[in-house]
2 protein chains.
Amino acid sequence: MKLKTIEDFFLHGHQFNLPGVSVDNVIFGFHENQLKVLLLQSLDKNIWMLPGGFVGKKEHIDEAASRILKDRTGLDIIFLKQFYTFGSPLRSNNKILVKALESLNQKYDKDHWIMQRFITVGYYSLVEYANVNPQPDEFSSVCEWYDLDPLPELLLDHKEIIYKALDEMRLNLNYQPIGYNLLPKEFTMKNLQSIYETILGRKLDRGNFNRKILSYDILDKKEKHYSGGAHKAPYLYSFNKKKYFKALENGLGRDF
Amino acid sequence: MKLKTIEDFFLHGHQFNLPGVSVDNVIFGFHENQLKVLLLQSLDKNIWMLPGGFVGKKEHIDEAASRILKDRTGLDIIFLKQFYTFGSPLRSNNKILVKALESLNQKYDKDHWIMQRFITVGYYSLVEYANVNPQPDEFSSVCEWYDLDPLPELLLDHKEIIYKALDEMRLNLNYQPIGYNLLPKEFTMKNLQSIYETILGRKLDRGNFNRKILSYDILDKKEKHYSGGAHKAPYLYSFNKKKYFKALENGLGRDF
DNA sequence: AAATTAATGAGTCATTATGACACAATGATA
DNA sequence: TATCATTGTGTCATAATGACTCATTAATTT
């Protein structure tokens, strides 16, 4: 089979005219044993949305995700995981963007790329709430942490994206260690357990959690004990950086 | 923070100019206890590549993947799984495509979308070798099954894509049933075991495999026995369609 | 027709992983 | 000094896993 005319190919039963590519970040924050998610409020104050943006011409999608994360949170180089790509044609013209453009007397005709529909590559990360100073972007008035339950009215399929990210993050607890960027250099086993419990949304048995985590062999036990709290002083642990990142790469045991 | 000019936004430290979106399918074929992968040979016969294509203007990316699968194999509605999105900027201008266009005196300037770099959403599927009649597309002369080891020289990062697909498919054996579209209505446990062994690339214990699969509760045991082979006749099984697709949706147990 | 053969069905058994729970030790607080 | 909540450690029953055994059986051979 040979190529006849280029139109033959492009219009072969389909309207080929490329959708654009954007990135949406689901940034979970860990605060007082609660999961929050970072959201932006549109300029007209009606709708919330995930921090996201277009992918630069010569930019790796992973870099675009990092850049957006940094712009919204000030955070650098942290664990960002691509979890799914959303490609429904209903993810069409970003009405918020179009509105914003119109309000500034910026108009683009239907063929301009900005008016096309977008494919969105989703990334998630889990960051320490206190380290973040949320910054709104050009299309939003507010950027802040929001409780996962209940979520406000969200743009397009952003609610679906958040739930999918949560599912994937939970699944991934069985394969990859977590907590390195969420805990101080030295921490107690209870601190770490709280993170797992918060993500999973359920309590875990203390003894069994201990056994499991220690079997991963990514922690160093300190001689020092924590003091300051009431009652018996727990041991302090730190992540063994080398083993942690090796496990992040190669995976761990399974199942919580 | 407010939007000043649109250029402000688009050029805010980055060259925004959208990459395009394409889909690449990694189609594994199961034949005589070997895994094959469907590849296309470029018109100039130098390089092999994965079947792929652009995403239509109003097309869901999942549909684009299905369409490409159907065009290359004639197969309809089978299990296609999105596994990763490849977004390196080095995935630039498809030289094969450009060459093909030039050879047909089709030229496009640098700004035409077809000359942009592409983001590729990867899908994989596992199909029955014998059901497929491979069809080359407009940019290829040959479409055929190729052994996984060794792979020929491949376009861009297509080798990486294939290995990633294989990894993901193996991981997924722990979560989703497989085999429905690979086996006749009635089959023996050995038939099914062969599929798992082929995908995993290692032998499994017969008794343990039996126990594990039956614990999934997706098979119906037939009263009839298989006859035709030498030696003791094994039971025949069939997938319980309802249970199978429920498990495909909700997941099964873990670990092989 | 009987013996042979090799794959099957159905188990056993040791080891490991998991979930639920128990209890003594401890260190701040009363 | 006694209290008390939390911690470190361990037990125990159950489930899951990996390696293996053995009688059964249907086609093939003798």
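Predicted, not measured: the structure shown is a model, and the values here were computed from it. Chain letters run A, B, ... following the sequence lines, proteins first, then strands; residues in each count from 1.
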Decide if the gap between the ring center of B:Phe28 and the ring center of B:Phe30 is smaller than 6.0 angstrom. no
Please report whether the ring centroid of B:Tyr180 lies less than 6.0 Å from that of B:Tyr244. yes
Is it the case that A:Ser194 and A:Asn191 place a side-chain donor and acceptor less than 3.5 Å from each other? no
Separation of atom [atom1] in [X] from atom [atom2] in [N], rounded to whole Å:
X        : N      : atom1 : atom2 : answer
B:Lys232 : D:dA23 : NZ    : P     : 13 Å
B:Arg206 : C:dA6  : CZ    : P     : 15 Å
B:Asn208 : C:dA10 : CG    : P     : 15 Å
A:Leu252 : C:dA17 : CG    : P     : 14 Å
A:Phe209 : D:dT9  : CZ    : P     : 16 Å
A:Asp205 : C:dA22 : CG    : P     : 12 Å
A:Asn210 : D:dT6  : CG    : P     : 16 Å
B:Leu192 : C:dT8  : CG    : P     : 13 Å

Would you say the side-chain atoms of B:Asn25 pair up with the backbone N or O of B:Pro51, donor to acceptor, closer than 3.5 Å? no
Ion pair present between A:Lys164 and A:Glu160, side-chain N to carboxylate O less than 4.0 angstrom? no
Holding to ring pair (Phe, Tyr, Trp, His ring centres under 6.0 Å), I want the full list of residues that pass it with A:His231, two or more places apart in sequence or in another chain. none
Inter-end axis angle, the helix from C:dA1-D:dT30 to C:dA30-D:dT1, with every axis fitted to five base pairs (rounded, 10 degrees): 10°
Quick check on D:dA16: is either OP1 or OP2 less than 4.0 Å from any side-chain nitrogen or oxygen of B:Lys212? no
Residue pair B:Thr188/B:Gly207 against DNA chain C: nearer the 5' end by closest nucleotide is B:Thr188
Comparing B:His231 and B:Tyr235 on DNA chain C - which has the more 5′ nearest nucleotide: B:His231
Partners meeting salt bridge (Lys or Arg N to Asp or Glu O under 4.0 Å) with A:Asp147 (sequence neighbours left out): A:Lys36
Want to settle it: does A:Arg211 or A:Tyr237 sit nearer the 5' end of DNA chain D, counting the closest nucleotide to each? A:Tyr237
